[in-house]
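One structure below.
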Amino acid sequence: MHLKYESQLREPLVNGRKTYHDVTEEIIRPIEAKPGKLWYVGFYIAVALLLFGVYSVYRDVTYGIGQWNLNKTVGWGWDITNFVWWVGIGHAGTLISAILLLFRQGWRTGVNRAAEAMTIFAVMCAGQFPIFHMGRVWLAFFIMPYPNTRGPVWVNFNSPLLWDVFAISTYFTVSVLFWYSGLIPDMATVRDRAKTKLRKLLYGIAAFGWTGSTKHWQRIESLSLVLAGLATPLVLSVHTIVSTDFATSVIPGWHTTIFPPYFVAGAVFSGFAMTQSLLLVVRKVYHLEDYITIGHIEAMNKIIVLTGSIVGVAYLTELFMGWYSQSKYEGYTFWYSRANLFSPYGWSYWGMMTCNVLTPQIFWLRKARRNLFITFFISVLVNVGMWFERFVIIVTSIYRDYLPSSWSVYYSPTIWEIGFYLGTFGLFFTCFFLFSKYAPVIAVHEIKYVLKTTGESYKNEMGALEREPVEEFAHEYAH
Amino acid sequence: MAEHTLDFKEQFEIPSGMKKWSLALIIIGILAFIIGLFTKGMGTNEEKAVFLGTLMYNTIFWTLVCNASMFFICATTLAMGGWQMTFRRVAEAISTLVPIFGIITLVILFYVIATGNHEIYHWLDSKQVAADEVLKGKSGFLNVKFFVIWSILAVGFWSLLGWRMRKISSQADAEPMDFNTGSAYLWKNTVTASLFIVWFALTIGSTLPWLWLMSLDAHWYSTMYSWYVFASSFVAGVALITLWVIYLKNKGYLEYTNQEHLHDLGKFIFAFSIFWTYLWFSQYMLIWYSNQPEETIYFKGRVQGPYKGIFFLNIIINFVCPLLILMKRSSKRNYTLMTFMAVLILFGHWIDFYQMVMPSVAKDHVTLSWFDFGILALFVGLMIHFVGRALASKPLIAKYNPFLKESIVHHT
């Protein structure tokens, strides 16, 4: 029953004839060394952006959100666009950890840690927007339903915006737990290798007294399984609920039944694009090419082309129904405000179509999936395209409402709206830089777990099994 | 024994019991059809519509469920799946029914079209269409020519690409593959599977359910509709594969398929039942929430009208049962329970297709009668007969498939 076997047709997930010791050395080393110049440059840029964001938000709080260009009909603009965009990006990590775990995709081990970290940071960024959009942010605690003395001021359980509060905070909690429980054994590894007392102390605290005993392993295994079970429906629920922010309304272009699954597909799509952009840099900077292989990148590109196409089918379905419904309002929104390139926001619709549906189709070609330059380029395009998607959905549906007299002037953001957005980039990258400096960006113990099935040298040894006739093979396995 | 023969029973032989059963079901079905034809099919317009509607939802259901097998094969191929290889031939055998059921579907649909039965498809009534702005506007899509051409193309390409996938599969019976021939073999599979998946998305993932089913309520529309139909037919399709796997296991075949594979099939049924529920809920909740008459009309008759019982039965069978029963690991590894669940899920989604079609055809009373079950018997009989024949036509295992060994050592 303990026959370790995998077809030779699958490329190894760990290249370069590694031993367990090599794995530890190569992944932990960047944590122990002083970061390079590039790290500092990147980190300072991130912090500068963050500070600009903090200042923009300070102004929002002081002067009110009137300093944004939101107007009579465009009550949601960049803020909610950015919110949805970041939440979407925060989907890949948990999808990789939970759903790909259930689908037993071995390649997830190389990328799950960084993707999960990215998820958490992205959700942190997302949360800022609705909170500060409230205007009087010091009253933000009103969204918590608890017995209070405010009389009729009580949350509205019928509102999808409140469902968001629950969905996102639950998702965030479970994602953090999942991510951190996976980090514990690796933190212990860093602790055990520590040369200084302070380091030992700090990583010791972070490792929660992990000893690596069988009992600990057993517990962490069952914990991951429970968390994976909890996280799986959450991957679907968060963006489903974000989609209902729009779809429960009666606004043309928002009220459409396909929204929940199509938003989830789009979220996974953008999440993988962001993971791809980040990991291509990380693997280069930390020399992790043997762990994040071309095979990993190809697998993620397959998910990108799959989810991009699902999203494409959804776009076309909506467009079709805009006509098929024979509703004047639906037709106007889809065929004039969106699909007509010469309407005020037509450019954003076609930007979305190009970046999300057309260009990712290049990943049908194996050569393109395995080309780092193309991958990086497309992943950035997808991120741009997915931002456009949210902008299209939000702004093109509301800038002209039912009453032409209240049609708004062209909406474009102020510097402070942009500053807030840039600030979340700062927050995201500051967190990511710190994470990549102080924690292993690849799950060391998980790589070790798959090493003997998919490590290059071990795979070569399986060649004999490959040549065995199937009856003999099955016989050997059964005994 | 020839040299290449394995030491286990890889060649299915149709047992006499199966022949008898399938024949009996087919005879019952044909009798039901004939009696139905004379009692309903020759009756009033409304009775005629019920007669045709019953044929329609049965044949569309079985075509899509069998096509789900080919979808399963192509999806697992593109995902480089290995675990399904020990029983993949079962799914292949089921998919051979696509052209057969597909043609029956086309015949029935074209009969409806040719006779201009506007009790079923309102958009066939040219007078009504001319008087109705909305229907007139839709006539670019809802017209006979497009309906006919697109339906033929859909069934044609499913059949053609499915045939090609099965043909490629037969090549793995011949001789062992090394790395290069194995890669080439994989590549050939991948190309055809991609074509199938793209065509599948353009038909079942979008246009075809609008055309065949959603246009029964010609005014009504829902962007989710096709994905919902897909989810329903796919989970039923996996249940059908499971049922055949268990049957063959019971007869002493499929030696390499074991509880581990059953467990994963169970997970598929569980997961896609939840997925179906997710789509069901999303569609229902959004329509309920915004409460616009042109949308709620679809659910009005189903939730508050005579079909109320069927409506809730649908959710209980297809959501509550798999949720409660298949959640446990041990139930997914239990052959008896899985047999029960597979039958239940197939029945449940047959009911789901029933409630997609009949409340639109016969609005004022539930039509479920001996006739529905008679026609069901016909399709089950045909299914058993043809799947049995297809299974017997090749070895049950593609011996030299490069991923077969992975499937043998597979454990969940």
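Numbers restart at 1 for each chain; the letters A, B, ... are given by sequence-line order, proteins then strands. Hydrogens, waters and symmetry mates play no part in the numbers below; they use all other heavy atoms, side chains included.
The 12-atom threshold is not exceeded at CZ of Phe103(A), counting heavy atoms of other residues, nucleotides or ligands nearer than 6.0 Å. Surrounding CZ of Phe166(A) are more than 12 heavy atoms belonging to other residues, nucleotides or ligands, all under 6.0 Å away. The 12-atom threshold is exceeded at CD of Glu472(A), counting heavy atoms of other residues, nucleotides or ligands nearer than 6.0 Å. Environment of CZ in Phe281(B): sparse, with no more than 12 heavy atoms of neighbouring residues, nucleotides or ligands closer than 6.0 Å. Around the OH atom of Tyr332(A), the shell of radius 6.0 Å holds more than 12 heavy atoms that belong to other residues, nucleotides or ligands. Atom CD1 of Ile297(B) has 12 or fewer heavy atoms from other residues, nucleotides or ligands within 6.0 Å.
From Glu294(B), atom CD reaches atom OG of Ser325(A) across 8.5 Å, with rounding to the nearest 0.5 Å. One finds the CZ atom of Phe179(B) at 8.0 Å from the CD atom of Gln8(A) (value rounded to the nearest 0.5 Å). Atom-to-atom distance recorded for Leu9(A):CG and Ser183(B):OG is 5.0 Å, nearest 0.5 angstrom. Atom CG of residue Leu279(B) and atom CD1 of residue Ile258(A) lie 9.0 Å apart, to the nearest 0.5 angstrom. The distance from the CE atom of Met80(B) to the OG atom of Ser7(A) is 8.0 Å, given to the nearest 0.5 Å. Residue Leu78(B) holds its CG atom at 8.0 Å from NZ of Lys302(A), rounded to the nearest 0.5 Å.
Taking the six-membered ring for Trp and the full ring otherwise, Tyr324(A) and Trp210(B) have centroids separated by 6.0 Å or more.
Defined by atom type and a distance below 3.5 Å, a donor-acceptor pair is missing between the side-chain atoms of Thr317(A) and Thr223(B). Glu295(B) and His255(A) share a side-chain donor-acceptor pair at under 3.5 Å.
In this structure, chain B has heavy atoms under 4.5 Å from both the backbone and the side chain of Ile310(A). Heavy atoms closer than 4.5 Å to chain B are found nowhere in Ser309(A), neither backbone nor side chain. Looking at Met177(B), neither its backbone nor its side chain comes within 4.5 Å of chain A, counting heavy atoms on both sides. Looking at Tyr284(B), there are no atoms closer than 4.5 Å to chain A (heavy atoms on both sides), in backbone or side chain. In this structure, no portion of Ala299(A) lies under 4.5 Å from any heavy atom of chain B. In this structure, no portion of Val305(A) lies under 4.5 Å from any heavy atom of chain B. Proximity to chain A (any heavy atom under 4.5 Å) is shown, for Leu202(B), by neither the backbone nor the side chain. Only the backbone of Trp220(B) comes within contact range of chain A, with at least one heavy atom under 4.5 Å from a heavy atom of that chain. When heavy atoms are compared at a cutoff of 4.5 Å, Ile408(B) approaches chain A by way of both its backbone and its side chain. Asp264(B) touches chain A through its side chain: at least one heavy atom from C-beta onward sits under 4.5 Å away, while N, CA, C and O do not. Interface remark: Lys136(B) contributes no atoms to any contact with chain A (heavy atom separation under 4.5 Å). Interface remark: Thr86(B) contributes no atoms to any contact with chain A (heavy atom separation under 4.5 Å). Heavy-atom distances place the side chain of Phe268(B), and not its backbone, under 4.5 Å from chain A. Contact annotation for Pro176(B): neither backbone nor side-chain heavy atoms come within less than 4.5 Å of a heavy atom of chain A. For chain B, the nearby part of Arg467(A) is the backbone; its heavy atoms alone come within less than 4.5 Å. Neither the backbone nor the side chain of Ala231(B) comes within contact range of chain A; no heavy atom of the residue lies under 4.5 Å from a heavy atom of that chain.
The residues Glu468(A) and Lys405(B) are annotated as not salt-bridged, no charged nitrogen and carboxylate oxygen being separated by less than 4.0 angstrom.
Looking only at heavy-atom pairs under 4.5 Å with chain A, the residue among Leu142(B), Leu404(B), Val198(B) that has the most is Leu142(B). Interface remark: of the candidates Leu236(A), Thr232(A), Thr240(A), Thr244(A), Thr240(A) forms the most heavy-atom pairs closer than 4.5 Å to chain B. Comparing Ala247(A), Pro233(A), Ser327(A), Pro261(A) by how many heavy-atom pairs each has under 4.5 Å with chain B, the most go to Pro261(A). Heavy-atom pairs under 4.5 Å with chain B peak, among Gly229(A), Pro260(A), Ser243(A), at Pro260(A).
Considering only heavy atoms from C-beta on, Met224(B) stays 4.5 Å or farther from Tyr262(A) through its side chain. With contacts defined as side-chain heavy-atom distances shorter than 4.5 Å, the pair Thr248(A)/Trp288(B) does not qualify. In this structure, the side chains of Thr257(A) and Ser282(B) stay at 4.5 Å or more apart for every pair of heavy atoms. Counting heavy atoms from C-beta outward, Val313(A) and Trp227(B) have side chains that approach closer than 4.5 Å.
With Glu406(B) contributing its side chain and Glu6(A) its backbone, the two residues share no donor-acceptor pair below 3.5 Å. Not one N or O on the side chain of Tyr221(B) forms a donor-acceptor pair closer than 3.5 Å with the backbone of Gln326(A).
When all heavy atoms of Tyr5(A) and Pro402(B) are compared, the closest pair comes out as OH-O, 4.2 Å. When every heavy atom of Trp323(A) is checked against every heavy atom of Gly137(B), the shortest pair comes out as CZ2-O, 3.1 Å. In terms of heavy-atom proximity, His410(B) sits nearest to Tyr477(A) at O-OH, 4.3 Å.
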Pair Tyr256(B)-Val470(A), side chain to side chain contact (heavy atoms under 4.5 Å, CB included): steps then yes or no: CA-CA 11 Å; Tyr256(B) 297 153; Val470(A) 68; 4.3 Å; yes

